[in-house]
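Worth saying up front: this structure is predicted, and the values here are computed from it rather than measured. Letters A, B, ... mirror the listed sequences (proteins, then strands); counts begin at 1.
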Amino acid sequence: MTFVRRLGVVPSALVLLAATAAALAPALFSPADPLRGDLTQRLLPPGATHPFGTDELGRDVFARVVHGSAPSLQAAVIAVGVAVLAGSVIGLVAGTARGRLDGLVMRAVEVLLAVPSFLLILVVVAVLGPGTREVALAVGVSAAAVFSRVMRAEVVRVRGSGYVEAAAVCGTGRATVLLTHVLPNAAGPVAALATLELGNAVLTVAAVSFLGFGAPPPAPEWGSLVAAGRPFLASAWWLTTVPGLVIAAVALAVNHLGHVLRTRSETR
Amino acid sequence: MTRFVARRLTQAAAVVLAAYTLTFAAFYLLPADPVRIMIGPENGVDEARVAALRAEYGLDRPAIERYLDGLLGALHGDFGTSFQTGRGVGSTIAEAAPRTLALAGGALLLAIPLGFLIAWWAAHTRRVWLRRLLGALPGLSLSVPTFWLGLVLLQTFSFGLPLFPARAEDGPAGLVLPAVTLAVPSSAFVAQVLLERLTVEMRQPYVDTARAKGASRARAVTAHALRNAAMPALTMTALLVGWLVSGSVVVETVFARNGLGRLVESAVTTRDLPMLQALVVVTTAVVTLLTLAVDLAHPLVDPRLRERAA
């Protein structure tokens, strides 16, 4: 079992490493300009000079995929960051406040969970307007509710333990107890959920961008790259297939590594 | 029991009301003026026309008045007028709903048996590689972007092999590819939850007892473990329906089907707030009621809960 898992870890790590490197230094991977095309080189299938082919304006698809890595991954990471931060704060407040405030906050969280998450994201996008940052924020907001629940549950669990009571008896301030005792103990489950959410966020950001609510047209984003290839489904398969495969590979890599990390921390 | 049902119904109503309030508040916070969005980015807009439009849609009235009026209308099934088409939101939704219901129903019909089959087979087989393969399948299909899966199916089975129409008109042939697209991640959800429970249940002593008394492995899974493991999968169904509505946004866009998902997409694009609000409230109401129905059905499936309730 462990052998099989390790077998998957190496390719997953490589995919993730390549995607991150492409996001940080796209010029390293593809010297071609992702925005400027050569109209004599339109709709060329994948080949030696253009590994992923070219699109209807003669732009190199590989360059566009590589340059699309930064906005796509950034959006996913920002989304998870927003979700972890907002969710943790809400959960911490609810868990430590107890009583009426706790009840009120958790009811509000329940409402957010009752609205299908993709609709909630689209509502936020409708309010904020399209754009990469807006999409990231929307995905983060919709995922925050789950994090607040996990955080609250952990706070309530840790709060009842002996060492927290002991610290309180010793006269440690509430804020100090929260930061030094409660937070580190609650971090594990939240981190586990965050890895799970990152894979989701990659896919959701791509889906919202596919619908056309991401960065405006010339900018390459993984989801909008797939959308841009739709008119050429019958004639130029690579325009949709290749960027889609990249999204799937990254999502799979993140999910697999997250799964391995989670099972390892559970068995320890 | 009646008190329990009454309390749960009140809770469900509160959630739907909160969803209405939430969307209203979100749109009230909208940085852009809805009337300007409606007119579009023209230059030199006639101020009198803006004021007239604002008055026509009642946007010049105080927010609290609009909120209460809108709520009263929504309770009577009147969700106002679409900013974009000028038609009633309620009738537009009612017109689109059957197409999405057909899509979601088709997807569920495929997804639930498929999900059960995968989980059952993985629990039943003794071949380790097969179990691992089946166990990895849900995670694999959940990592594939739904919109891309739809496009690949379209490419392969409409353009490559002309088996299904590329334009998904009404009718069973056009429903196949969209329903399959939506069913793949849905079946993965079902299989994941069910397999997790089945793995736990298969280690329980009652399964050993059944096997010791001569039940075949297939019977031990089907008649003994599955019955206990099915509950969480049942709870999943309500969530799955909410997910199907979300998924239909993408799938209906890919296959150019005019359903609820398409309405959501165009309402976001044109910032048609009354339409979007109605869609969110209606979907939330459906999901909440389904969750309630599943919760109330639990004692029917599990006799232990029946005793506790009595």
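- For chain A, no part of B:L149 is nearby; none of its heavy atoms comes within less than 4.5 Å.
- For B:T291, no part sits under 4.5 Å from any heavy atom of chain A, backbone or side chain.
- Heavy atoms of B:V264 lying under 4.5 Å from chain A belong exclusively to its side chain.
- In this structure, B:V152 and A:W237 have side chains that are not in contact, with every pair of non-hydrogen atoms separated by 4.5 Å or more.
- If you measure heavy-atom distances from B:V287 to chain A, the contacts under 4.5 Å come from the side chain alone.
- Within the 4.5 Å cutoff, the side chain of B:F147 has no heavy atoms near those of the A:L211 side chain.
- Not one N or O on the side chain of B:W243 forms a donor-acceptor pair closer than 3.5 Å with the backbone of A:P116.
- Contact of the A:F118 side chain with the B:V249 side chain is registered, since non-hydrogen atoms from C-beta on lie closer than 4.5 Å.
- A:R230 places a side-chain heavy atom less than 4.5 Å from the side chain of B:T253.
- With respect to chain A, the highest number of heavy-atom pairs below 4.5 Å among B:L22, B:T269, B:V144 belongs to B:T269.
- Between chain B and the options A:L245, A:V125, A:N200, heavy-atom pairs under 4.5 Å are most frequent for A:L245.
- Of the listed residues (B:A14, B:G247, B:P145, B:A267), the greatest number of heavy-atom pairs within a distance under 4.5 Å of chain A belongs to B:P145.
- Looking at B:L151, both its backbone and its side chain come within 4.5 Å of chain A, counting heavy atoms on both sides.
- Scanning residues 102-113 of chain A against chain B with a 4.5 Å non-hydrogen threshold yields A:V111, A:L112, sorted by number.
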